[in-house]
Amino acid sequence: MPSAQDPFYVVKEEIQESIDKLQSTFHQWEHIPSNTGERANLIKELLAGCESIEWQVDELDKAIAVAARDPAWYEIDEVEIEKRRRWTGTARTQVRSVKKAVEAGKESNGTSSTSVNGMHRELMRLPNSHQTGRSNKYAGEDDDDFIASESDRQLLLIKQQDEELDELGASLVRIGDVGLTIHDELLGQEKILDDLGMDMDSTSNRLDFVQKKVAMVMKKAGIKGQIMMILFLVVIFIVLFVLVFLT
């Protein structure tokens with residue numbers, strides 16, 4: 001499943017945006033003097049953000065656990081499962097570090113700056129310095145592995161989709177040919193039915209004509225003539241019966 005359609009990456013992106021916002025607020029909180037209303041508001045915002053992100057990460061962990069039961073069903077492998085678990089672990093550690101730093105700063109009212117700075121360095125995963133960049137937030141090798149894995153997966157999916165589209169196109173062509181054949185057959189049968197209808201009309205007209213002629217002859221012949229005609233027909237029937245069945 002490509003990352004653009006994988007729910008994990010959709011949720012991961014949302015959580016990462018929340019973490020980035022949390023870190024930005026954390027930086028702002030660090031530089032605000034103690035015992036100010038703005039600092040107290042930021043503390044509430046940071047703690048609420050930590051709770052929300054931790055809940056989202058927990059839910060994502062539950063989804064990963066479900067996928068781990070049958071990775072093939074979700075078109076992923078054990079390596080991908082492990083990478084996702086490492087990411088949620090890293091995200092949880094960062095959020096907990098922020099939460100500890102904020103709670104420590106709230107309790108000490110700004111007097112334990114060394115402890116807060118230490119937690120800040122743990123959060124950012126930087127050496128013991130004053131750097132505030134985000135370049136080492138994730139391991140570069142893991143990012144490369146993610147990119148390579150998802151790139152290969154997308155290429156494979158695109159290839160499979162191309163093959164399926166080719167097969168679908170061939171099937172549509174065959175269906176079109178069958179449709180044309182059926183159309184031609186229906187036209188031929190319609191012509192046959194028209195010819196049969198004309199023949200039946202012609203035969204019906206001839207039969208009506210013969211019946212009228214017979215009726216006229218019978219009427220002119222009278223009773224005696226009708227009896228003679230019946231006897232003549234009976235004799236012809238007997239002769240034909242003898243010729244057919246007794247010879």
Side-chain angles (χ1 to χ4, degrees), residues 1-30 32 38-108 112 115-127 132-154 157:
M1 181 182 295
S3 61
Q5 299 177 355
D6 194 328
F8 171 81
Y9 289 98
V10 176
V11 177
K12 174 186 174 184
E13 184 177 355
E14 293 177 356
I15 295 176
Q16 188 59 57
E17 290 178 356
S18 299
I19 292 176
D20 293 341
K21 182 179 179 181
L22 183 71
Q23 292 176 349
S24 177
T25 306
F26 181 75
H27 289 311
Q28 185 180 356
W29 172 78
E30 283 185 308
I32 293 178
E38 184 178 0
R39 185 180 178 88
N41 291 333
L42 288 178
I43 288 176
K44 294 180 181 179
E45 182 179 346
L46 286 169
L47 293 177
C50 289
E51 294 292 337
S52 176
I53 295 173
E54 284 181 338
W55 178 82
Q56 294 179 50
V57 174
D58 289 340
E59 293 299 316
L60 194 58
D61 265 336
K62 293 179 182 178
I64 294 173
V66 173
R69 297 174 186 172
D70 189 6
W73 175 261
Y74 298 94
E75 300 182 2
I76 56 178
D77 51 25
E78 294 296 337
V79 176
E80 178 68 14
I81 291 291
E82 185 60 28
K83 288 179 180 178
R84 296 184 180 190
R85 285 173 174 166
R86 287 202 303 268
W87 185 89
T88 56
T90 301
R92 184 178 287 104
T93 300
Q94 291 177 321
V95 174
R96 287 177 179 175
S97 298
V98 170
K99 187 175 181 180
K100 289 179 180 179
V102 173
E103 289 176 345
K106 178 181 179 182
E107 293 175 359
S108 63
S112 300
S115 176
V116 173
N117 290 335
M119 293 182 180
H120 174 247
R121 287 193 298 271
E122 181 184 354
L123 166 69
M124 301 305 296
R125 296 184 179 273
L126 291 173
T132 58
R134 298 171 53 217
S135 60
N136 293 329
K137 184 168 56 177
Y138 302 107
E141 293 182 357
D142 288 344
D143 289 343
D144 293 340
D145 290 340
F146 272 120
I147 293 173
S149 174
E150 293 307 320
S151 178
D152 294 340
R153 196 184 303 277
Q154 289 178 5
L157 181 63

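The basis for the numbers below is simple: all heavy atoms, side chains too, and nothing from hydrogens, waters or symmetry mates.
Within the 4.5 Å cutoff, side-chain heavy atoms of L60 are placed close to those of W87. D77 is not listed as a side-chain neighbour of P71, based on a closest heavy-atom distance of 4.5 Å or more.
For the residue pair R85 and T88, the shortest heavy atom distance occurs at O-OG1, 2.8 Å. Y9 and E80 make their closest contact through OH-OE2, 2.6 Å (heavy atoms, listed as atom of the first residue, atom of the second, distance). Across all their heavy atoms, L22 and C50 have their closest contact at CD2-SG, 3.9 Å.
Counting non-hydrogen atoms of other residues, nucleotides and ligands closer than 6.0 Å to CD of E59 gives a total above 12.
S18 contributes atom OG, which lies 10.5 Å from atom CD of E13 (distance to the nearest 0.5 angstrom). To the nearest 0.5 Å, the span separating CD on E51 from NZ on K99 amounts to 3.5 Å. To the nearest 0.5 Å, the span separating CD on E38 from CG on L42 amounts to 5.5 Å. Between atom CZ of residue F26 and atom CD of residue Q94 there is a gap of 11.5 Å, rounded to the nearest 0.5 Å. For the atom pair CZ (R84) and NZ (K12), the distance works out to 9.0 Å, reported to the nearest 0.5 Å. The CD atom of Q56 lies 12.5 Å from the CG atom of D61; values are rounded to the nearest 0.5 Å.
Remark: side-chain polar atoms of R92 are not paired, donor with acceptor, to backbone N or O of E54 under 3.5 angstrom. For S52 (side chain) and A48 (main-chain N/O), no donor-acceptor pair under 3.5 Å exists by modelled atom type.
S24 and Q28 share no donor-acceptor pair across their side chains, judged by distance under 3.5 Å alone.
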